[in-house]
Amino acid sequence: MPIDPFDLGSVDESEAARPTGGIAARAMAAVEAPYLKKLNHEQRRAVENVDGPSLILAGAGTGKTRVLTTRLAHILHTRRAWPGQILAVTFTNKAAREMKERIGAIIGGAVEGMTWLGTFHSIGAKILRRDAELVGLRPDFAILDTDDQIRLLKQLIKADGIDEKRWPARQLAGEIDGWKNRGITPNNVSAADAQSYANGKGVEIYAEYQARLKILNAADFGDLLLECLRLFQENPDVLSSYRERFKYMLVDEYQDTNVAQYLWLRLLAGNAGNIACVGDDDQSIYGWRGAEVDNILRFEKDFPGALVVRLEENYRSTPHILNAASGLIAHNQGRLGKTLRTSETEGEKVQVKSVWDGEEEARGIADDIENLQRKDHKLNEIAILVRVSSLMREFEDRFVTLGLPYRVIGGPRFYERREVRDGLAYLKVTAQPDNDLAFERIINTPKRGLGNVTVQKLHEFARAQGISLTRAARALVETDELSKAARKSLGELLDNFARWRSLIDGLPHTELAEMILDESGYTSMWQNDKAADAQGRLENLKELVNSMGEFENLAGFLEHISLVMDVQTAETSDMINLMTLHSAKGLEFDTVFLPGWEEGLFPHQRALDDSGNAGLEEERRLAYVGITRARKLAKISFTSNRRIHNLWQSAMPSRFLDELPEADVDIESASDTYGGGSFGQSRFNEDVFEANYNTPGWRRAQSHQAANPAPKSRFGSSPVLEGELATSEFSDTSTYRLGERVFHDKFGYGAIAAIDGNKLTIDFEKSGRKRVLDSFVARH
DNA sequence: CTGGAGGATCTTTTT
DNA sequence: GATCCTCCAG
């Protein structure tokens with residue numbers, strides 16, 4: 001509800017007088033603005049201390065967004081700044097959108113004046129466009145996405161004679177992104193970093209790549225920040241104009257900032273900046289894409305005298321859920337430390353359940369959901385949070401079988417689908433004739449006889465002449481350089497583009513888009529495709545054209561989609577929510593299922609291998625994020641057997657399970673984790689096991705286990721039968737004796753505690769009691 | 001230049 | 001299991 005008595009929407013920003021937060025205004029504010037009444041003591045401190053740097057540590061469910069938006073409203077209300085003088089940055093478009101909506105709800109129309117509210121990248125792009133020439137670009141530069149980036153790098157790698165098999169472009173793209181995230185230009189890549197790709201050649205290509213971008217008049221996502229930094233550093237006058245403009249700065253999710261963003265913020269904030277950063281070090285889960293938890297841990301050093309407010313009153317979860325999450329996260333070393341509390345007293349314990357395999361896990365969770373549904377639990381209020389998206393499949397299969405409605409959040413995004421990207425490429429070439437990457441994408445899609453040979457010739461010519469591909473094509477069509485067929489085909493394509501281009505101003509852009517897709521043959525390409533998904537692709541193309549309707553013209557649409565890759569969906573029907581732990585951050589549900597808590601999967605082996613203890617701590621934060629999404633009930637499960645890449649692996653319970661405080665956890669004893677069950681047996685055969693025990697992951701897990709023997713687990717002690725192979729090829733009675741010491745490839749050394757036919761129960765020294773087949777152990 | 005076969009690979013995800 | 005990529009025969 002708009003409550004602003006000053007009607008900021010009508011204030012004329014151009015008038016000479018600037019709001020100074022004068023005595024009168026402050027006095028009015030002191031009369032206790034209504035929006036302040038809804039806040040608790042800590043929140044109020046965070047809102048009212050608007051001058052000077054402050055760090056707001058907002059634990060999960062402590063009203064972070066409310067504080068952020070109220071603080072903004074407070075600045076406006078007390079007339080300390082105009083809407084256009086506040087810089088407010090978020091990470092995602094979704095967050096920016098939400099913030100805008102919520103501020104709008106407090107201050108009304110004045111939110112439209114907040115022109116500097118947006119993501120780091122969109123604000124970076126805006127700043128760059130204003131002074132593009134100063135960094136060697138034109139104001140209409142194109143923004144490349146990851147796909148374009150990789151295709152461009154491939155060309156450079158090939159041109160440099162590097163074996164692309166050995167050194168994939170994707171890897172170099174990752175390295176370059178990493179450098180850009182850390183604010184590193186080609187000139188100051190460290191020697192050690194440089195070695196990581198093609199014996200140091202990576203840096204040369206990085207430099208070539210930057211040069212190419214300038215020629216193409218393009219910037220990638222990293223450049224939107226990195227080039228901004230250069231702009232500020234090389235042009236003090238530009239920097240100071242922005243410093244003067246931004247009276248107040250707000251940063252959301254500060255724990256996710258990377259070095260480049262950090263430098264960007266510091267430059268803009270200056271020494272005495274009124275900068276407020278909101279974040280939670282315990283929810284930093286994006287280290288793998290450059291986020292530096294260190295930024296938040298170091299805040300007080302960076303901004304001496306900063307006010308630090310901890311929001312610890314949790315309004316979301318029950319005490320057991322909070323305690324379980326707190327107990328878990330307490331195992332991390334590098335944290336600022338917060339203790340969440342709640343005034344609630346009731347609630348169920350966190351449940352932990354052990355199951356045989358992924359199928360049983362999905363079945364169990366689906367059963368639970370049906371039971372909840374009978375008790376009128378909304379499906380919308382249920383979420384399943386998985387570590388990796390490949391785990392979603394089992395659940396989807398089960399839900400489809402049962403007819404339970406569900407939605408996948410995250411997942412492959414609309415603008416990343418092939419057909420949408422192709423369609424966009426046609427539009428881009430029409431609007432931006434020199435967009436080489438877009439042109440190359442569709443030059444032979446649909447097939448029109450313009451293959452590698454032709455494209456290579458165009459490239460050579462374009463490079464030699466220093467012109468773009470379409471210009472090169474235009475020139476070569478007039479000559480005999482190309483084969484007759486290619487010449488004809490290319491000529492037609494160019495004529496088409498010229499015609500479409502001439503219609504840009506004459507035809508509504510949605511109609512033009514339809515025309516382009518039809519006349520280029522792109523639509524019929526999919527119409528003639530017999531593949532099952534062709535129909536869906538055609539619908540996506542329609543949707544693409546539809547979505548253009550909201551924009552004024554083609555150029556405006558293209559600018560929007562290069563920065564906003566997500567599509568806002570107004571999904572209202574009642575469905576189960578299925579997503580990765582990463583995309584769950586910021587959301588909350590009454591009931592949350594957390595499947596797949598197994599060593600190697602969660603914590604993920606790759607995180608441990610790549611980043612060691614830091615990786616482990618990030619995984620633990622991810623677990624913390626998962627548990628704290630739940631308001632009333634959290635159900636964790638793990639399997640004994642997991643199929644990964646179509647290979648069966650036996651799994652150990654996640655170490656995180658042992659880190660949950662016992663008092664807050666209920667262990668649901670394994671229904672049928674081993675032996676005798678009606679399922680599971682037939683899935684195993686010796687081949688699978690052979691394969692299993694030889695995978696790299698397996699060996700890795702073993703060496704890891706040997707290096708850090710896990711403490712005896714409350715969960716690991718339930719016996720697990722390794723492969724139910726009780727068939728004729730094994731003797732019925734084992735030749736082993738009770739008490740004999742044996743060695744098992746996976747579990748290590750142990751003593752035989754019981755013998756049942758060819759099944760042995762063994763007390764392993766490192767992994768507790770297991771049931772295994774005698775053929776998997778050796779006498780020691 | 002095209003299409004199909006065979007091979008390698010496979011966290012997380014935003015902009 | 002699925003996808004993406006390369007290689008080779010037509």
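Letters A, B, ... are given to chains in the order of the sequence lines, protein chains preceding strands, and every chain is numbered from 1. Just so you know, these numbers use all the heavy atoms, side chains as well, and skip hydrogens, waters and symmetry mates.
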Asker: Which nucleotide sits closest to the side chain of A:R606: B:dT13, B:dT15, B:dT11?
Answerer: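 Taking heavy atoms from C-beta onward, the closest nucleotide is B:dT11.
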
Asker: By nearest nucleotide on DNA chain B, pick out whichever of A:H604 and A:V455 is the more 5' one.
Answerer: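 Result of the comparison: A:V455.
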
Asker: Using atom CD of A:Q456 as one end and atom P of B:dC1 as the other, report the distance to the nearest whole Å.
Answerer: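 Whole-Å distance recorded here is 10 Å.
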
Asker: Can A:R621 and A:D281 be counted as an ion pair, charged N to O under 4.0 angstrom?
Answerer: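 Judged by the 4.0 Å cut-off on N to carboxylate O distance, A:R621 and A:D281 do not form a salt bridge.
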
Asker: Detail all sub-3.5 Å separations between protein N/O atoms and N/O atoms belonging to nucleotides 2-9 of chain B.
Answerer:
from	atom 1	to	atom 2	distance (Å)
B:dT2	OP1	A:G449	N	3.3
B:dT2	OP2	A:N444	ND2	3.1

Asker: So does A:T454 get a side-chain nitrogen or oxygen closer than 4.0 Å to the phosphate oxygens (OP1/OP2) of B:dC1?
Answerer: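 Checking A:T454 against B:dC1: at least one side-chain N or O falls below 4.0 Å of OP1 or OP2.
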
Asker: Would you call A:E659 and A:R620 a salt bridge, using N to O less than 4.0 angstrom?
Answerer: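 Judged by the 4.0 Å cut-off on N to carboxylate O distance, A:E659 and A:R620 do form a salt bridge.
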
Asker: Would you call A:E227 and A:R230 a salt bridge, using N to O less than 4.0 angstrom?
Answerer: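 Looking at A:R230 together with A:E227, the answer is yes, because their closest N to O distance falls below 4.0 Å.
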
Asker: Return the minimal non-hydrogen interatomic distance between A:F439 and A:L494, and the atom names on each side.
Answerer: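 It is CZ-CD2, 4.4 Å.
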
Asker: Is it true that A:E440 and A:R151 have a side-chain N and a carboxylate O under 4.0 angstrom from each other?
Answerer: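 Looking at A:R151 together with A:E440, the answer is no, because their closest N to O distance does not fall below 4.0 Å.
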
Asker: With centres under 5.5 Å and planes under 30° as the test, does A:F91 stack with B:dT14?
Answerer: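 Ring-base stacking flag not set for A:F91 and B:dT14.
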
Asker: Between A:K585 and A:D256, does at least one N-O distance fall below 4.0 Å, as a salt bridge requires?
Answerer: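 Looking at A:K585 and A:D256, the cut-off is met.
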
Asker: Once you round it to whole Å, what is the distance between C1' of C:dC5 and CD1 of A:I150?
Answerer: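 Distance check: A:I150 CD1 to C:dC5 C1' gives 13 Å.
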
Asker: Using atom CD of A:E619 as one end and atom P of B:dT11 as the other, report the distance to the nearest whole Å.
Answerer: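 Answer to the nearest Å: 13 Å.
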
Asker: Measure from the side-chain heavy atoms of A:S583 and tell me the nearest of B:dT13, B:dT11, B:dT15.
Answerer: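 Of the options given, the side chain of A:S583 lies nearest B:dT13.
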
Asker: Salt-bridged, A:K64 to A:D252, with N to O below 4.0 Å?
Answerer: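 Salt bridge present between A:K64 and A:D252.
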
Asker: Could you check whether A:K154 gets within reach of a base, just the sugar-phosphate, or nothing at all, counting any heavy atom under 4.0 Å?
Answerer: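 Counting heavy atoms under 4.0 Å across all strands, the contact made by A:K154 is with sugar-phosphate only.
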
Asker: Flag the pair A:R642 and A:E361 as a salt bridge only when some basic side-chain nitrogen lies within less than 4.0 angstrom of an acidic carboxylate oxygen.
Answerer: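 Salt bridge between A:R642 and A:E361, a charged N being under 4.0 Å from a carboxylate O: yes.
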
Asker: Could you state the CG-P distance from A:D177 to B:dT12, rounded to the nearest angstrom?
Answerer: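 After rounding, the reported distance stands at 17 Å.
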
Asker: Can A:H582 be classed as stacking with the base of B:dT13, given a centroid separation cut-off of 5.5 Å and a plane angle cut-off of 30°?
Answerer: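 So no, this residue does not stack on that base, at least one cut-off failing.
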
Asker: By a strict heavy-atom criterion of less than 4.0 Å, which residues belonging to residues 384-395 of chain A are in contact with DNA chain B?
Answerer: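 Result for residues 384-395 of chain A: A:R387, A:V388, A:S389, sorted by number.
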
Asker: Any ion pair linking A:K488 and A:E492 (charged N to carboxylate O, less than 4.0 Å)?
Answerer: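 Counted as a salt bridge, because a side-chain N and a carboxylate O are separated by less than 4.0 Å.
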
Asker: Expressed in angstrom and rounded to an integer, what is the separation of A:R418 atom CZ from C:dA2 atom P?
Answerer: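 A:R418 atom CZ is separated from C:dA2 atom P by 16 Å.
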
Asker: Where the side chain of A:R289 is defined as all heavy atoms beyond and including C-beta, which of B:dT11, B:dT15, B:dT13 is the nearest nucleotide?
Answerer: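 So the side chain of A:R289 is nearest to B:dT13.
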
Asker: At what distance, to the nearest 0.5 angstrom, does NZ of A:K214 lie from CZ of A:F141?
Answerer: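 Going from NZ on A:K214 over to CZ on A:F141, the span is 9.5 Å.
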
Asker: Answer with yes or no after comparing the ring centroid distance for A:W288 and A:H582 against a 6.0 Å cut-off, counting only values under it.
Answerer: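 That pair passes the under 6.0 Å test.
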
Asker: Side chain of A:W288: nearest nucleotide among B:dT12, B:dC1, B:dT14?
Answerer: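 Ranking B:dT12, B:dC1, B:dT14 by closest atom to the A:W288 side chain puts B:dT12 first.
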
Asker: Looking for any heavy atom pair under 4.0 Å, which part of the strands does A:A607 touch: base, sugar-phosphate only, or nothing?
Answerer: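 Base, at least one base atom sits under 4.0 Å.
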
Asker: Mind telling me if B:dT11 is syn or anti? Syn here is a glycosidic angle within 90° of 0.
Answerer: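 Syn conformation for B:dT11.
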
Asker: What integer distance in Å separates A:I157:CD1 from C:dC5:P?
Answerer: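 Value for this atom pair: 13 Å.
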
Asker: Provide a list of protein-nucleic acid N or O atom pairs under 3.5 angstrom, restricted to nucleotides 8-10 of chain C.
Answerer:
none

Asker: Does A:K428 reach the main-chain N or O of A:N435 with its side chain, forming a donor-acceptor pair under 3.5 Å?
Answerer: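 No, the answer is negative, given that no donor and acceptor are paired below the 3.5 Å cut-off.
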
Asker: Could you give the CD-to-P distance, from A:Q283 to B:dT13, as a whole number of Å?
Answerer: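 In whole Å, B:dT13 P lies 16 Å from A:Q283 CD.
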
Asker: For the pair A:D357 and A:R643, find out whether any cationic side-chain nitrogen is under 4.0 Å from an anionic carboxylate oxygen.
Answerer: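 So A:D357 does not pair with A:R643 through a salt bridge.
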
Asker: What's the CZ-C1' distance between A:F120 and B:dT15, to the nearest Å?
Answerer: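 Going from CZ in A:F120 over to C1' in B:dT15 covers 12 Å.
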
